[in-house]
Amino acid sequence: MNTPINPKSNRMPVGSVQCDNTTLNLLKANDFVAKAIRERLPDMLVINVCSSPGSGKTSLMQETGRRLRDKINMAVLVGDPETDRDAIRMKEVGINALQIVTGGMCHIEAQMILQALDHIDLTGVDLLFIENVGNLVCPAAFDLGEDIRVTLLAATEGDDKPKKYPRMFLTSELMVISKSDLLPYVPFSVEAVTKDAREVNPTIEVISISSLKGDGMDEWCEWLVTKVNEKKTSQVAI
Amino acid sequence: MHEISIVRNVFQTLEQTYPEKFDRIVKVQVQAGLLSNVQPILIQNAFEALIQEEPSLSDVELEVLLLPIIAHCDACDKDFEVKKHRFICVCGLPSKKIIQGEELQISEVQFSGQ
Ligand SMILES: Nc1nc2c(ncn2[C@@H]2O[C@H](COP(=O)(O)OP(=O)(O)OP(=O)(O)O)[C@@H](O)[C@H]2O)c(=O)[nH]1
Ligand SMILES: [Mg+2]
Ligand SMILES: [Zn+2]
């Protein structure tokens, strides 16, 4: 694509140019909707789950569903560019799920969540997961009205990701190192990745998990239950 | 990437903000913090693509300005530039207090005189 060399100037005036210095926030519409979502879901913990494609988001939520479905009432909104496969996988383990088909889009916007809320029964739900589109870049800029953002990084993806995609790790409260059962087979240092992530985000928490083998699942489930309870008590306090 | 929707968003916002003067816009400056993950060249390409749809925009110049990341250190009570995504002050303390770098905004609009 060719970039114009000369400023395009057909509209250029013969006379004066009036200049308006302004600040028009381009993400304002999204942030406005995100706020509306927060107000609509006051006593439900909403977690935005992000990662690259295939890092194990759906697998982790399936395993979480199996372990916690008797303790916590859970529901899932799954963003997928084209299919409804992940929602079907959640329903297979008895978790209420709704697919948000993003039509090839690289991220979910708050507006899509707001619309989805009209199509899923959230009565009595304590924990709503939003599985974002697999992408570490674009979703970082879109607040979905979540309470907590969690980013998965699979052992197979390499330990240099926090520095390459800083905004995602900066805005996440927890980094889950997924597929930890594969750590013995790949060059991936949990220590190095934790150090890098904390240079970007000093307060980020880190848990290593294998949804397949179960390592770290207890710690993760405990973390979730604590966060769900914290959200509930914060509501009572208000 | 969603550059095309960013560019659409720019012109929708301008149309809403300046309904009377929109036709007279000759130049738009967009500021993008480094953390917004916006690539100026991709924005320019997306703008060229939008012009195919909206030929009336072909006379508008779009400038994208990247803003460095600035954080604030509470201990030193000073702002510092975050380089290579190390959110660490010269004093060695980490800080997440971002002063600049996340924005994506229209910062300047020029209109032709009548
Ligand atoms: N070895 C191993 N493989 C895993 C683990 N978790 C997931 N996988 C595999 O990784 C692949 C992708 O898992 P998904 O759960 O579909 O990943 P996802 O992040 O939901 O993928 P997208 O929605 O397509 O972005 C599947 O083949 C899983 O079987 C794990 O803990 N260990
Ligand atoms: Mg999935
Ligand atoms: Zn300092």
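Here the structure is a predicted model, which means the values were calculated and not measured.
Taking E15(B) as the reference, F22(B) meet the side chain to side chain contact (heavy atoms under 4.5 Å, CB included) condition, with sequence neighbours excluded.
At a 4.5 Å heavy-atom cutoff, the contact between E102(B) and chain A is made by backbone and side-chain atoms alike. When heavy atoms are compared at a cutoff of 4.5 Å, K21(B) approaches chain A solely by way of its side chain, counted from C-beta outward. Of the two parts of V82(B), neither the backbone nor the side chain holds a non-hydrogen atom closer than 4.5 Å to a non-hydrogen atom of chain A. Contacts between S36(B) and chain A at a heavy-atom distance below 4.5 Å involve backbone atoms as well as side-chain atoms.
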Could you go through residues 45-55 of chain A and list every donor-acceptor pair under 3.5 Å that involves a side-chain atom there, pairing it with any protein atom two or more places apart or in another chain?
from: N48(A); atom 1: OD1; to: N132(A); atom 2: ND2; distance (Å): 3.1
from: N48(A); atom 1: ND2; to: E146(A); atom 2: OE2; distance (Å): 3.3
from: S51(A); atom 1: OG; to: S55(A); atom 2: OG; distance (Å): 3.4
from: S51(A); atom 1: OG; to: K57(A); atom 2: NZ; distance (Å): 2.9
from: S52(A); atom 1: OG; to: E157(A); atom 2: OE1; distance (Å): 2.6
from: S55(A); atom 1: OG; to: S52(A); atom 2: O; distance (Å): 3.1
from: S55(A); atom 1: OG; to: E157(A); atom 2: OE2; distance (Å): 2.7

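Rounding to the nearest 0.5 Å gives a distance of 12.5 Å between CE of M168(A) and CG of L35(B). Rounding to the nearest 0.5 Å gives a distance of 11.5 Å between CG of L26(A) and CD of E103(B). Note that NZ of K96(B) and OG1 of T171(A) are 8.5 Å apart. Values are rounded to the nearest 0.5 Å.
Looking at every heavy atom in both residues, K163(A) comes nearest to R86(B) through NZ-CG, 4.1 Å. Listed here is the closest heavy atom pair of Q110(B) and C19(A): CG-SG, 3.9 Å. The two atoms that bring E108(B) and N21(A) nearest to each other are CG-OD1, 3.4 Å, heavy atoms only.
Sorted by first and then second residue, the ring-ring contact (aromatic ring centres under 6.0 Å, His included) pairs involving residues 140-165 of chain A (not counting sequence neighbours) are H107(A)-F142(A), F142(A)-H2(B).
Side-chain contact between L14(B) and L24(A): present, with at least one pair of heavy atoms (C-beta onward) separated by less than 4.5 Å. Contact of the Q18(A) side chain with the R24(B) side chain is registered, since non-hydrogen atoms from C-beta on lie closer than 4.5 Å.
Below 4.5 Å, heavy atoms of chain B meet heavy atoms from E199(A), V200(A), N201(A), P202(A), T203(A), all part of residues 196-205 of chain A.
Around atom CD of E53(B), more than 12 heavy atoms belonging to other residues, nucleotides or ligands sit under 6.0 Å away. Annotation: R85(A), atom CZ; neighbour count of heavy atoms from other residues, nucleotides and ligands within 6.0 Å does not exceed 12.
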Exercise for review: Would you please test I98(B) and L170(A) for side chain to side chain contact (heavy atoms under 4.5 Å, CB included) and show each step?
Suggested key: CA-CA 10 Å; I98(B) 296 161; L170(A) 183 69; 3.2 Å; yes
